[in-house]
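Right, one structure below, let's go through it.
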Amino acid sequence: MRSAFVGTVVMAFAFFDGVFVGAPIALLAGAFRPVLLYCCAVIAVVVLVMACCAWLDRRWDDWFTHNGGRMETRLETMRASRLMRHPVAWLQRGSDRWYAFAAAVANPILVAACSRLVGGKPVGERRILLGAVAYAIPYVAMWSFVGLVLSGTLASAR
């Protein structure tokens with residue numbers, strides 16, 4: 001039961017990070033000093049992402065044992081496909097740089113899940129850290145900027 005709850009929280013953050021993390025950062029950026037908030041928010045997002053990715057990396061085998069039969073069959077088909085052979089190989093052997101870039105562009109939790117699914121092996125602490133940092137820096141900057149713009153708009157409307 002606890003594992004299912006944590007899994008739900010991890011997936012909620014992966015799919016709705018803008019609601020659970022981005023919007024609060026924007027609200028706080030408008031109310032407090034942006035530089036201090038930025039530094040604290042980057043650290044908080046890195047820690048949150050690392051915790052979620054580490055949980056996913058640890059619990060993947062348990063989850064996959066119960067739900068992965070059809071996924072494994074489909075994955076083998078993808079590995080054999082001429083079209084999908086190269087993206088699958090990239091995720092299996094990709095460099096840390098490409099992994100961090102993918103995490104920064106997408107969401108590091110989703111990238112870790114895709115990497116586990118395609119690669120079939122643990123992501124590892126190094127990639128989890130690189131992905132979390134590569135994601136947190138632009139993500140917090142974007143939401144802080146949104147908060148500053150909104151606070152400036154609200155202040156000028158008064």
Side-chain angles (χ1 to χ4, degrees), residues 2-30 32 34-68 70-72 74-75 78-79 83-150:
R2 187 178 129 207
S3 180
F5 174 74
V6 174
T8 302
V9 170
V10 168
M11 285 301 113
F13 175 64
F15 288 109
F16 304 111
D17 58 339
V19 173
F20 296 120
V21 178
I25 290 171
L27 290 172
L28 292 171
F32 297 105
V35 175
L36 179 62
L37 173 78
Y38 178 78
C39 295
C40 293
V42 165
I43 292 168
V45 170
V46 166
V47 169
L48 181 63
V49 167
M50 286 181 62
C52 290
C53 288
W55 182 88
L56 181 73
D57 213 25
R58 269 193 325 272
R59 305 296 281 166
W60 182 265
D61 292 331
D62 295 339
W63 179 85
F64 200 74
T65 300
H66 299 297
N67 303 315
R70 290 189 308 166
M71 290 176 70
E72 185 63 35
R74 182 154 173 101
L75 183 57
M78 286 174 60
R79 285 181 180 136
L83 178 63
M84 294 302 294
R85 183 178 10 199
H86 297 293
V88 169
W90 173 73
L91 281 172
Q92 288 175 332
R93 300 188 303 262
S95 71
D96 289 345
R97 288 183 198 157
W98 282 108
Y99 183 88
F101 180 70
V105 170
N107 181 304
I109 300 168
L110 298 177
V111 170
C114 288
S115 180
R116 276 305 296 254
L117 179 65
V118 172
K121 59 183 179 182
V123 175
E125 291 178 17
R126 176 185 169 95
R127 282 193 170 186
I128 288 173
L129 175 63
L130 288 172
V133 171
Y135 174 75
I137 292 171
Y139 180 79
V140 172
M142 177 189 69
W143 282 105
S144 296
F145 182 71
V146 167
L148 290 173
V149 168
L150 288 176

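Residues take their numbers from the sequence shown, with the count starting at 1.
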Given C40, which partner from the list I43, L36, L37 fulfils the side chain to side chain contact (heavy atoms under 4.5 Å, CB included) test? L36
Can you name the nearest heavy-atom pair linking L148 to A29, along with the distance? CD2-O, 3.6 Å
What is the minimum heavy-atom distance between Y99 and S115, and which atoms define it? CE1-CB, 4.1 Å
Pair L110-F15, side chain to side chain contact (heavy atoms under 4.5 Å, CB included): steps then yes or no: CA-CA 8 Å; L110 298 177; F15 288 109; 3.8 Å; yes
For R126, which residues count as a side-chain hydrogen bond (donor to acceptor under 3.5 Å, both in side chains) partner, sequence neighbours excluded? D96
Please list, chain by chain and in numerical order, all residues satisfying side chain to side chain contact (heavy atoms under 4.5 Å, CB included) with F101, sequence neighbours excluded. W98, V105
Identify, with sequence neighbours excluded, every residue that meets side chain to side chain contact (heavy atoms under 4.5 Å, CB included) alongside A100. L130, A134
Test side chain to side chain contact (heavy atoms under 4.5 Å, CB included) on L56 and M11; report intermediate values, then the result. CA-CA 9 Å; L56 181 73; M11 285 301 113; 4.3 Å; yes
Shortest non-hydrogen pair, A112 vs V123, comes out as O-CG2, 3.7 Å
Write out all pairs satisfying side-chain hydrogen bond (donor to acceptor under 3.5 Å, both in side chains) with one or both partners inside residues 45-57, taking only residues at least two apart or from two chains. D57-R116
Listed by chain and number, what are the side chain to side chain contact (heavy atoms under 4.5 Å, CB included) partners of V42, not counting sequence neighbours? Y38, V46, A136, I137, V140
On a heavy-atom basis, which atom in F13 and which in C52 lie closest, and how many Å separate them? CD2-SG, 4.0 Å
Just to verify, what does A103 make a side chain to side chain contact (heavy atoms under 4.5 Å, CB included) with, not counting sequence neighbours? P108
Which pairs pass side-chain hydrogen bond (donor to acceptor under 3.5 Å, both in side chains) with one or both residues in residues 12-27, sequence neighbours excluded? D17-N107, D17-Y135
